[in-house]
Amino acid sequence: MDDPIQVKLPDGSVKTAPRGTTIAQFVAQSIGRGLAKAALVARVDGALVDLSRRLTTDCALEILTAKSPEALEVARHDAAHVVASVVQRLFPGTQVTIGPTIEDGFYYDFARDEPFTPEDLARIEQGVAEEIRADEPFIREEVSPEEAIRLFAEKGETYKVEIVHDIVARGAKTLTLYRHGGWVDFCLGPHGPSTGRIGVVKLTSVAGAYWRGDAKNPMLQRIYGTAFFDRAALAAHLERIEEAKRRDHRKLGKELELFMTHPWAPGAAFWLPKGTLLWQTLADCMRRLLAAEGYLEVKTPLVFNKALWEKSGHWEHYRQAMFTFESEEQTFSLKPMNCPSHMLIFGRRRRSYRELPMRLATQDVLHRNEASGTLGGLTRVRQFAQDDAHVFLAEEQVGEEVARIIALVRRVYDAFGLAQTAKLSTRPNEFAGEPALWDRAEAALAAALTAQGIAFTTAPGEGAFYGPKIDFDVTDSLARRWQCATIQLDFFMPRRFELAFVGEDNAEHTPVAIHRAIYGSFERFLAILIEHFGGAFPPWLAPVQARLVTVADRFLPYARQAAAAMRGRSLRVEIDEAEGKLGAKIREAEIAKVPYIGVIGEKEQAGGAIAVRRHGEGDLGAMALAAFIERLVVETRPPFGAP
RNA sequence: GCUGGCGUAGCUCAGUCGGUAGAGCAACUGCCUUGUAAGCAGUAGGCCGCGGGUUCGAAUCCCACCGCCAGCUCCA
């Protein structure tokens, strides 16, 4: 018991310590008082543990302080406990359930008949601040399942009892409790040393949430909050939230007159003239890019007899998300996806290996009958259009084709300044096709990602039953991540549609299909772009690229001439013909986030010039009108798919 | 779909205890003819989401519906 153990520190040094010493003691004695004071939690052999843990074997030890993201997560979990303790003190009879940390904060779910009001949240937040000031230590305790069940059953905590039963059923022999200030929760930990180390806690919202996320279970009251070690970090976080609100595509879409919605078409957008220009720019650039890559654009029906969906298998698995209707005793549906149509086109005649890869692209409108409560903005809709394509090819062509698609994805996202990461999802438990086929395909996908220099994570078992897939996330200017592009292999649907091609060997083979989209959906991608650019689009994308304003209305004829010259070079320009002072017109144009403002007065008219102001930068001074036009022509050239 | 919140002028929002609906901006008209983020004055604008109910009387209270917003297992 007294023989010392070896503790390896992150700098590589090794210290000895008495067996059974706590981490906190070890740090104070062997490392230093400064670190001992700053320590919040430790990592022993890769696992996060409390500072009160005893070191009983040789190990690698790392001490985490407020600088570490993991420590912040622990503090947020501490905060969740404190919130729960305060709620149970202020609202007797409320049961606790779970309270995990999430990105940017935490939540805690409570079972209580009455909902919490915003005033309740303020009271709870105040109680939490008091609890933090009281600086109660977190105390870890190990108990048997029987003790845990008795403890929570006595308190009437039926949800906790249920959780204990579940965990015991999964084989746990000892369970851990954490106490602070006389309150106890069943928790895996770890926790910080005491409530005083949490920092500052802010409760953000309250919402309903089903127990275990299942609509068949009772509805709980979920309190969301966040915690930071200091007020400045909290303020910065709240400022990020405010900035996201300012950039919200629903708000900007209204202000900039990009799109509208109407109660009579829930889940569908009306694209106003300026929004339609954005859409068309994306659509045209993608069209030209794909045409250059050998894609063939096709248009297919929007309405299909249900026989198609029975053939594809969607009728069995996807029917609840389809809009259907009867006509002349037949059942029809609006198409929710393009793949079956493309299958029919491929299968319309005998295909040769010489035609492969055959790349069929479509930008048609799709409808999916999403539950009403899930709709919102342009990101959760019932009607949308994808930049969809299906590539039919021989199995041995998969690697090269996927590499080409990945290169396209990079090229497009780079054009918008969106950084990208990828996730490779592999074979699930239930799958179609041969395991060896999956293994080869997964290896080909991973090799393509590596060859393109794309960082990716692997999600084992998360592939679709019909094939492995790559999903791309983009990171926008507010560091938020959005899932957009997808590349999915399909070994299943070509077989269902009895697709075949004649190979070099003069025998029939079943092609592999690749489902792929780069923007994802136009609606969603436009929403992301609106927020990414905050409505201030780069000149090539902006619906209006320049607005001409005059110092006095006697300069309007010259302004009209200038605008005509610009339109002659395919520039999107408008003239502010309203009355008013120059300052007011400049202000209007700045608020409209038009990239370039051209000011025209006496000097400009006399010299065939224009005074140029760049949105967000200010006055660039006067230049010759011809020079300004040349500059705009260059700057409005799309970074991909240029005509 | 479910839980909670919300719905008033084109936009952003007031509207007390149930007593005949208000501001700013935008629009329109006029004056000003203007030099890089708001010139002045005036006018007009409303089925208070929709439908019922309670009441002498409803934007306000009640019921149902429609829509919008937040959320609905990143698992003790």
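Being a predicted model, the structure only gives us computed values, none of them experimental. Proteins come first, then strands; the chains are lettered A, B, ... in the order of their sequence lines, and each starts at number 1.
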May I ask you to establish whether R614(A) and Y596(A) are in a cation-pi arrangement, using a distance under 6.0 Å from NZ or CZ to the six-membered ring centre and at most 45° from the ring axis? yes
Which one, G67(B), C11(B), C69(B), comes nearest to the side chain of K254(A)? C11(B)
Return the nearest nucleotide to the side chain of K160(A); candidates are A76(B), G35(B), C74(B). A76(B)
Quick check on the 6.0 Å ring-centre criterion: do Y108(A) and F110(A) meet it? yes
Under 3.5 Å, is there an N or O donor on one side and an acceptor on the other linking the side chain of E579(A) and the base of C31(B)? yes
Return the pairing partner of A58(B) with a 3.5 Å limit on both distances, Watson-Crick or G-U wobble; otherwise return none. none
Report yes or no: is there a donor-acceptor pair, N or O only, under 3.5 Å between the side chain of R613(A) and the base of A37(B)? yes
Tell me which nucleotide, if any, is Watson-Crick or G-U wobble paired with C17(B) when both distances must be under 3.5 Å. none
Any-strand Watson-Crick or G-U partner of C2(B), both distances under 3.5 Å: G71(B)
Atom CD1 of I163(A) and atom C1' of C75(B) are separated, to the nearest Å, by 9 Å
Hey, which of these two, F186(A) or T261(A), hits RNA chain B nearer its 5' end, going by closest nucleotide? T261(A)
Residue matched to A23(B) through Watson-Crick or wobble contacts both under 3.5 angstrom: U12(B)
Can you say whether the rings of W183(A) and H81(A) are parallel (under 30°), tilted (30 to 60°) or perpendicular (over 60°)? perpendicular
Rounded to the Å, how far apart are R212(A) CZ and C75(B) P? 13 Å
Starting from C1' on C74(B), measure out to OH on Y224(A) and report it in whole angstrom. 11 Å
Can you tell whether the side chains of E579(A) and K581(A) come within less than 4.0 Å, N to carboxylate O? no
Mind calculating the distance between CZ (R382(A)) and P (C66(B)) to the nearest angstrom? 11 Å
Between D471(A) and K469(A), does at least one N-O distance fall below 4.0 Å, as a salt bridge requires? yes
What's the CG-C1' distance between L252(A) and C11(B), to the nearest Å? 14 Å
Pairing partner of G39(B), by Watson-Crick or G-U wobble and under 3.5 Å for both distances, is C31(B)
If the C1' atom of A44(B) is compared with that of A27(B), how far apart are they to the nearest Å? 9 Å
P spacing across the pair U34(B) / A9(B), given as an integer number of angstrom: 39 Å
Base paired to C65(B) (Watson-Crick or G-U; both N/O distances under 3.5 angstrom): G49(B)
Nearest-angstrom distance, C1' atom, G51(B) to C65(B): 7 Å
Between G35(B), A37(B), C2(B), which nucleotide gets closest to the side-chain atoms of M219(A)? C2(B)
Take the protein atom CH2 of W211(A) and the nucleotide atom C1' of C2(B), then report the distance between them rounded to whole Å. 18 Å
Could you tell me whether D113(A) atom CG has more than 12 heavy atoms of other residues or ligands within 6.0 Å of it? no
When the nearest nucleotide of RNA chain B is assigned to P266(A) and to K581(A) on a heavy-atom basis, which residue is associated with the more 5' position? K581(A)
Whole Å only: how far is the NZ atom of K251(A) from the P atom of U12(B)? 8 Å
Grab the CD1-C1' distance between I149(A) and A76(B) for me, whole Å please. 13 Å
Does Q221(A) get its side chain close enough to the base of G71(B), under 3.5 Å, for a donor-acceptor pair? no
Taking the minimum atom-to-atom distance to the side chain of Y210(A), which one of C2(B), G35(B), A76(B) wins? C2(B)
Among C69(B), U34(B), A76(B), which nucleotide has an atom closest to any side-chain atom of R554(A)? U34(B)
